[in-house]
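Data first, discussion second: the structure below is written as C-alpha coordinates.
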Amino acid sequence: MLKRFAGWLMSTPATLLVLLLLLVPVAATIAATFGDTRGPFAPYADFFGSPFRRAVLWRTIEIASITTVIALFVGFLTAFVVSRAPGRLKSILIIAAVFPLLTGVVVRSFAWLIILGKNGILNNFLIWLGVTDEPFAMLYTEGSVIVAMVYLFVPLMILTLVGVLEGIPDDLLQAASSLGATPAATFRQVVFPLAVPGLIVGAVLVFTGSFTSYATPQLLGGERQMVMGTLLYQRAMVAFDWQGASAVAAIMVVVTVSVVLGMTRIARRLNPMSS
(Lines give C-alpha, C1' and ligand atoms only; values in the text may rest on other atoms or scores of the structure.)
Protein backbone atom coordinates (compact mmCIF):
# COMPACT_ATOMS: atom_id res chain seq x y z
CA MET A 1 0.00 0.00 0.00
CA LEU A 2 2.84 2.35 0.90
CA LYS A 3 4.66 1.60 -2.36
CA ARG A 4 1.48 2.31 -4.28
CA PHE A 5 1.21 5.84 -2.94
CA ALA A 6 4.95 6.53 -2.64
CA GLY A 7 4.96 8.50 -5.89
CA TRP A 8 2.04 10.65 -4.78
CA LEU A 9 3.67 11.29 -1.40
CA MET A 10 6.97 12.31 -2.99
CA SER A 11 5.29 14.68 -5.43
CA THR A 12 3.05 16.31 -2.81
CA PRO A 13 5.55 19.02 -1.70
CA ALA A 14 6.22 20.09 -5.30
CA THR A 15 2.50 20.07 -6.08
CA LEU A 16 1.75 22.25 -3.07
CA LEU A 17 4.48 24.70 -4.09
CA VAL A 18 3.01 24.96 -7.59
CA LEU A 19 -0.45 25.55 -6.16
CA LEU A 20 0.81 28.13 -3.67
CA LEU A 21 3.23 30.06 -5.87
CA LEU A 22 1.56 29.76 -9.28
CA LEU A 23 -2.09 28.81 -9.32
CA VAL A 24 -3.18 30.78 -6.24
CA PRO A 25 -1.70 34.13 -7.42
CA VAL A 26 -3.15 33.64 -10.92
CA ALA A 27 -6.56 32.77 -9.47
CA ALA A 28 -6.39 35.80 -7.16
CA THR A 29 -5.48 38.06 -10.09
CA ILE A 30 -8.40 36.81 -12.16
CA ALA A 31 -10.79 37.01 -9.18
CA ALA A 32 -9.79 40.65 -8.65
CA THR A 33 -11.29 41.55 -12.04
CA PHE A 34 -14.77 40.59 -10.87
CA GLY A 35 -14.84 42.99 -7.91
CA ASP A 36 -15.77 46.12 -9.84
CA THR A 37 -18.78 47.94 -8.40
CA ARG A 38 -20.16 48.48 -11.94
CA GLY A 39 -20.45 44.74 -12.49
CA PRO A 40 -18.28 41.62 -12.61
CA PHE A 41 -17.36 42.05 -16.29
CA ALA A 42 -16.88 45.84 -16.29
CA PRO A 43 -13.04 45.69 -16.60
CA TYR A 44 -13.36 43.41 -19.63
CA ALA A 45 -15.99 45.68 -21.17
CA ASP A 46 -13.61 48.62 -20.69
CA PHE A 47 -10.79 46.68 -22.35
CA PHE A 48 -12.68 45.44 -25.40
CA GLY A 49 -14.59 48.71 -25.66
CA SER A 50 -11.34 50.60 -26.23
CA PRO A 51 -10.05 50.57 -29.85
CA PHE A 52 -6.55 51.29 -28.56
CA ARG A 53 -6.50 48.28 -26.23
CA ARG A 54 -7.99 46.01 -28.89
CA ALA A 55 -5.23 47.18 -31.22
CA VAL A 56 -2.63 46.36 -28.56
CA LEU A 57 -4.07 42.85 -28.15
CA TRP A 58 -4.12 42.25 -31.89
CA ARG A 59 -0.58 43.64 -32.29
CA THR A 60 0.68 41.32 -29.56
CA ILE A 61 -0.95 38.27 -31.15
CA GLU A 62 0.40 39.29 -34.55
CA ILE A 63 3.96 39.76 -33.28
CA ALA A 64 3.88 36.47 -31.35
CA SER A 65 2.42 34.58 -34.34
CA ILE A 66 4.95 35.93 -36.85
CA THR A 67 7.79 35.27 -34.41
CA THR A 68 6.58 31.69 -33.92
CA VAL A 69 6.31 30.98 -37.65
CA ILE A 70 9.80 32.36 -38.39
CA ALA A 71 11.29 30.56 -35.40
CA LEU A 72 9.67 27.29 -36.52
CA PHE A 73 11.16 27.59 -39.99
CA VAL A 74 14.65 28.71 -38.93
CA GLY A 75 14.75 26.45 -35.89
CA PHE A 76 13.64 23.35 -37.78
CA LEU A 77 16.22 23.77 -40.54
CA THR A 78 18.99 24.47 -38.03
CA ALA A 79 17.96 21.60 -35.75
CA PHE A 80 17.86 19.18 -38.68
CA VAL A 81 21.41 20.12 -39.70
CA VAL A 82 22.59 19.84 -36.08
CA SER A 83 20.92 16.46 -35.56
CA ARG A 84 22.63 15.02 -38.66
CA ALA A 85 26.08 16.45 -37.87
CA PRO A 86 28.95 14.22 -36.65
CA GLY A 87 29.46 13.91 -32.91
CA ARG A 88 32.09 16.59 -32.23
CA LEU A 89 30.65 19.07 -34.73
CA LYS A 90 27.19 18.48 -33.25
CA SER A 91 28.46 19.46 -29.79
CA ILE A 92 30.01 22.65 -31.17
CA LEU A 93 26.80 23.56 -33.02
CA ILE A 94 24.66 22.95 -29.92
CA ILE A 95 26.98 25.12 -27.84
CA ALA A 96 26.74 27.85 -30.48
CA ALA A 97 22.93 27.61 -30.37
CA VAL A 98 22.81 27.72 -26.57
CA PHE A 99 25.41 30.47 -26.16
CA PRO A 100 22.96 33.42 -26.62
CA LEU A 101 20.89 32.05 -23.74
CA LEU A 102 23.82 32.69 -21.39
CA THR A 103 23.26 36.44 -21.82
CA GLY A 104 20.33 38.26 -20.24
CA VAL A 105 17.30 39.31 -22.25
CA VAL A 106 17.91 43.00 -21.55
CA VAL A 107 21.52 42.79 -22.72
CA ARG A 108 20.54 41.04 -25.96
CA SER A 109 17.81 43.60 -26.56
CA PHE A 110 20.25 46.46 -26.03
CA ALA A 111 22.52 44.82 -28.61
CA TRP A 112 19.73 45.22 -31.17
CA LEU A 113 19.49 48.90 -30.24
CA ILE A 114 23.11 49.23 -31.34
CA ILE A 115 22.51 47.21 -34.51
CA LEU A 116 19.27 48.86 -35.67
CA GLY A 117 19.76 52.44 -34.48
CA LYS A 118 20.04 55.33 -36.94
CA ASN A 119 23.76 55.46 -36.22
CA GLY A 120 23.88 51.72 -35.69
CA ILE A 121 25.91 49.00 -37.33
CA LEU A 122 23.33 48.06 -39.97
CA ASN A 123 22.60 51.60 -41.13
CA ASN A 124 26.31 52.45 -41.30
CA PHE A 125 26.91 49.31 -43.34
CA LEU A 126 24.10 50.16 -45.78
CA ILE A 127 25.41 53.70 -46.18
CA TRP A 128 28.93 52.34 -46.75
CA LEU A 129 27.57 50.04 -49.48
CA GLY A 130 25.81 52.97 -51.11
CA VAL A 131 22.35 51.45 -50.69
CA THR A 132 21.08 54.65 -49.06
CA ASP A 133 22.28 58.14 -48.27
CA GLU A 134 20.09 58.54 -45.20
CA PRO A 135 19.76 56.04 -42.34
CA PHE A 136 16.55 54.03 -42.17
CA ALA A 137 14.24 54.35 -39.16
CA MET A 138 14.38 50.73 -37.98
CA LEU A 139 13.82 51.14 -34.26
CA TYR A 140 10.42 51.46 -32.61
CA THR A 141 8.74 49.46 -35.35
CA GLU A 142 6.95 46.14 -35.31
CA GLY A 143 9.69 44.69 -37.50
CA SER A 144 12.43 45.53 -34.99
CA VAL A 145 10.48 43.83 -32.21
CA ILE A 146 9.92 40.71 -34.33
CA VAL A 147 13.60 40.48 -35.32
CA ALA A 148 14.70 40.70 -31.70
CA MET A 149 12.05 38.20 -30.60
CA VAL A 150 13.18 35.69 -33.23
CA TYR A 151 16.77 36.09 -32.05
CA LEU A 152 15.68 35.54 -28.44
CA PHE A 153 13.56 32.44 -28.97
CA VAL A 154 15.12 30.52 -31.88
CA PRO A 155 17.64 28.85 -29.51
CA LEU A 156 14.72 27.41 -27.52
CA MET A 157 13.19 26.07 -30.73
CA ILE A 158 16.50 24.51 -31.78
CA LEU A 159 17.04 22.82 -28.43
CA THR A 160 13.49 21.47 -28.46
CA LEU A 161 13.75 20.06 -31.97
CA VAL A 162 17.27 18.64 -31.86
CA GLY A 163 16.28 15.92 -29.40
CA VAL A 164 13.20 15.00 -31.41
CA LEU A 165 15.03 14.87 -34.75
CA GLU A 166 17.89 12.86 -33.23
CA GLY A 167 15.31 10.25 -32.24
CA ILE A 168 14.33 9.64 -35.88
CA PRO A 169 16.38 6.59 -36.98
CA ASP A 170 18.43 6.96 -40.14
CA ASP A 171 17.07 3.55 -41.17
CA LEU A 172 13.64 5.09 -41.69
CA LEU A 173 15.02 7.73 -44.05
CA GLN A 174 17.06 5.15 -45.93
CA ALA A 175 14.07 2.80 -46.15
CA ALA A 176 11.88 5.58 -47.55
CA SER A 177 14.55 6.44 -50.11
CA SER A 178 14.99 2.79 -51.13
CA LEU A 179 11.24 2.51 -51.70
CA GLY A 180 11.39 5.35 -54.20
CA ALA A 181 10.35 8.28 -52.03
CA THR A 182 11.75 11.64 -53.06
CA PRO A 183 13.42 13.84 -50.40
CA ALA A 184 10.27 15.98 -50.31
CA ALA A 185 8.04 12.92 -49.85
CA THR A 186 10.38 11.56 -47.15
CA PHE A 187 10.15 14.85 -45.29
CA ARG A 188 6.38 15.06 -45.68
CA GLN A 189 5.54 11.47 -44.78
CA VAL A 190 8.33 10.49 -42.37
CA VAL A 191 10.27 13.38 -40.85
CA PHE A 192 7.50 15.91 -40.35
CA PRO A 193 4.95 13.58 -38.64
CA LEU A 194 7.62 12.30 -36.23
CA ALA A 195 8.80 15.86 -35.51
CA VAL A 196 5.31 17.18 -34.73
CA PRO A 197 5.61 16.80 -30.91
CA GLY A 198 8.81 18.86 -30.89
CA LEU A 199 7.32 21.43 -33.25
CA ILE A 200 4.28 21.86 -31.04
CA VAL A 201 6.32 22.17 -27.84
CA GLY A 202 8.69 24.65 -29.49
CA ALA A 203 5.81 26.66 -30.95
CA VAL A 204 4.12 26.86 -27.54
CA LEU A 205 7.35 28.02 -25.88
CA VAL A 206 8.02 30.67 -28.52
CA PHE A 207 4.44 31.95 -28.72
CA THR A 208 3.92 32.21 -24.97
CA GLY A 209 7.33 33.80 -24.50
CA SER A 210 6.71 36.32 -27.28
CA PHE A 211 3.14 37.04 -26.19
CA THR A 212 4.10 37.75 -22.57
CA SER A 213 7.43 39.50 -23.24
CA TYR A 214 8.01 42.91 -21.70
CA ALA A 215 11.67 43.99 -21.85
CA THR A 216 12.25 43.54 -25.59
CA PRO A 217 9.06 45.30 -26.79
CA GLN A 218 9.66 48.10 -24.32
CA LEU A 219 13.22 48.72 -25.50
CA LEU A 220 12.73 48.18 -29.25
CA GLY A 221 9.07 49.10 -29.66
CA GLY A 222 8.51 51.76 -27.05
CA GLU A 223 5.14 53.47 -26.77
CA ARG A 224 4.58 53.28 -30.54
CA GLN A 225 4.49 49.49 -30.54
CA MET A 226 2.86 48.82 -27.18
CA VAL A 227 2.06 45.17 -26.47
CA MET A 228 0.14 43.44 -23.71
CA GLY A 229 3.17 43.18 -21.42
CA THR A 230 3.93 46.89 -21.63
CA LEU A 231 0.23 47.74 -21.34
CA LEU A 232 0.04 45.65 -18.17
CA TYR A 233 3.00 47.53 -16.70
CA GLN A 234 1.46 50.88 -17.67
CA ARG A 235 -1.91 50.11 -16.08
CA ALA A 236 -0.35 48.75 -12.87
CA MET A 237 2.70 50.94 -12.27
CA VAL A 238 1.86 54.21 -14.03
CA ALA A 239 -1.95 54.55 -13.87
CA PHE A 240 -2.29 52.40 -10.70
CA ASP A 241 -5.38 50.83 -12.25
CA TRP A 242 -5.04 47.44 -10.57
CA GLN A 243 -8.36 46.10 -11.81
CA GLY A 244 -7.53 47.12 -15.35
CA ALA A 245 -4.10 45.52 -15.00
CA SER A 246 -5.70 42.35 -13.62
CA ALA A 247 -8.04 42.25 -16.61
CA VAL A 248 -5.07 42.53 -18.98
CA ALA A 249 -3.30 39.71 -17.11
CA ALA A 250 -6.43 37.54 -17.19
CA ILE A 251 -6.81 38.05 -20.95
CA MET A 252 -3.16 37.10 -21.43
CA VAL A 253 -3.71 33.91 -19.41
CA VAL A 254 -6.81 33.00 -21.43
CA VAL A 255 -5.04 33.57 -24.76
CA THR A 256 -2.00 31.57 -23.66
CA VAL A 257 -4.06 28.62 -22.40
CA SER A 258 -6.19 28.69 -25.56
CA VAL A 259 -3.07 28.57 -27.75
CA VAL A 260 -1.66 25.64 -25.76
CA LEU A 261 -4.91 23.69 -26.02
CA GLY A 262 -5.27 24.53 -29.72
CA MET A 263 -1.73 23.42 -30.54
CA THR A 264 -2.20 20.24 -28.55
CA ARG A 265 -5.29 19.45 -30.59
CA ILE A 266 -3.40 20.13 -33.82
CA ALA A 267 -0.63 17.79 -32.66
CA ARG A 268 -3.13 15.00 -32.05
CA ARG A 269 -4.55 15.39 -35.54
CA LEU A 270 -1.19 15.50 -37.26
CA ASN A 271 0.33 12.74 -35.17
CA PRO A 272 -1.97 10.67 -32.93
CA MET A 273 1.10 9.17 -31.23
CA SER A 274 2.00 12.62 -29.85
CA SER A 275 -0.95 12.56 -27.45
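Hydrogens, waters and symmetry mates are skipped; everything else that's a heavy atom, side chains included, is used. FYI, the numbering just counts along the sequence from 1.
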Side-chain donor/acceptor of Ser178 to backbone N/O of Ala175, under 3.5 Å: yes
Residue pairs passing the side chain to side chain donor-acceptor pair (under 3.5 Å) test where at least one lies in residues 92-111, sequence neighbours excluded: Ser109-Thr216
Partners meeting side-chain contact (heavy atoms from CB on, under 4.5 Å) with Phe73 (sequence neighbours left out): Leu77
Residue list, side-chain contact (heavy atoms from CB on, under 4.5 Å) with Ser50, at least two apart or on another chain: Phe52, Arg53
Parallel, tilted or perpendicular: rings of Phe192 and Phe187 (30°, 60°): tilted
Side-chain donor/acceptor of Thr141 to backbone N/O of Met138, under 3.5 Å: yes
Pairs involving residues 135-162, ordered by first then second residue, that meet salt bridge (Lys or Arg N to Asp or Glu O under 4.0 Å) (sequence neighbours left out): none
Sequence-distant partners of Ile127, side-chain contact (heavy atoms from CB on, under 4.5 Å), two or more places apart: Thr132, Pro135
Side chain to side chain donor-acceptor pair (under 3.5 Å) pairs, two or more places apart, involving residues 17-33: Thr33-Tyr44
Listed once per pair and sorted, the salt bridge (Lys or Arg N to Asp or Glu O under 4.0 Å) pairs that draw on residues 10-20, sequence neighbours left out: none
Contacts of type ring pair (Phe, Tyr, Trp, His ring centres under 6.0 Å), residue Phe80, not counting sequence neighbours: none
Parallel, tilted or perpendicular, as decided by the 30° and 60° cut-offs, for the rings of Phe41 and Phe34: perpendicular
Any pair counted as salt bridge (Lys or Arg N to Asp or Glu O under 4.0 Å), so long as it reaches residues 61-84, sequence neighbours left out: Arg84-Asp170
Please output the side-chain donor-acceptor pairs of residues 157-168 that fall under 3.5 Å, not counting sequence neighbours, one pair per line with the distance.
from: Thr160; atom 1: OG1; to: Leu156; atom 2: O; distance (Å): 2.8
from: Glu166; atom 1: OE2; to: Lys90; atom 2: NZ; distance (Å): 3.0

Side-chain polar contacts of residues 217-231 - donor-acceptor pairs under 3.5 angstrom, sequence neighbours left out - could you list them?
from: Gln225; atom 1: OE1; to: Arg59; atom 2: NE; distance (Å): 3.4
from: Thr230; atom 1: OG1; to: Val227; atom 2: N; distance (Å): 2.9
from: Thr230; atom 1: OG1; to: Val227; atom 2: O; distance (Å): 2.8

Pairwise side chain to side chain donor-acceptor pair (under 3.5 Å) hits with a residue in residues 237-260, at least two apart: Arg235-Asp241
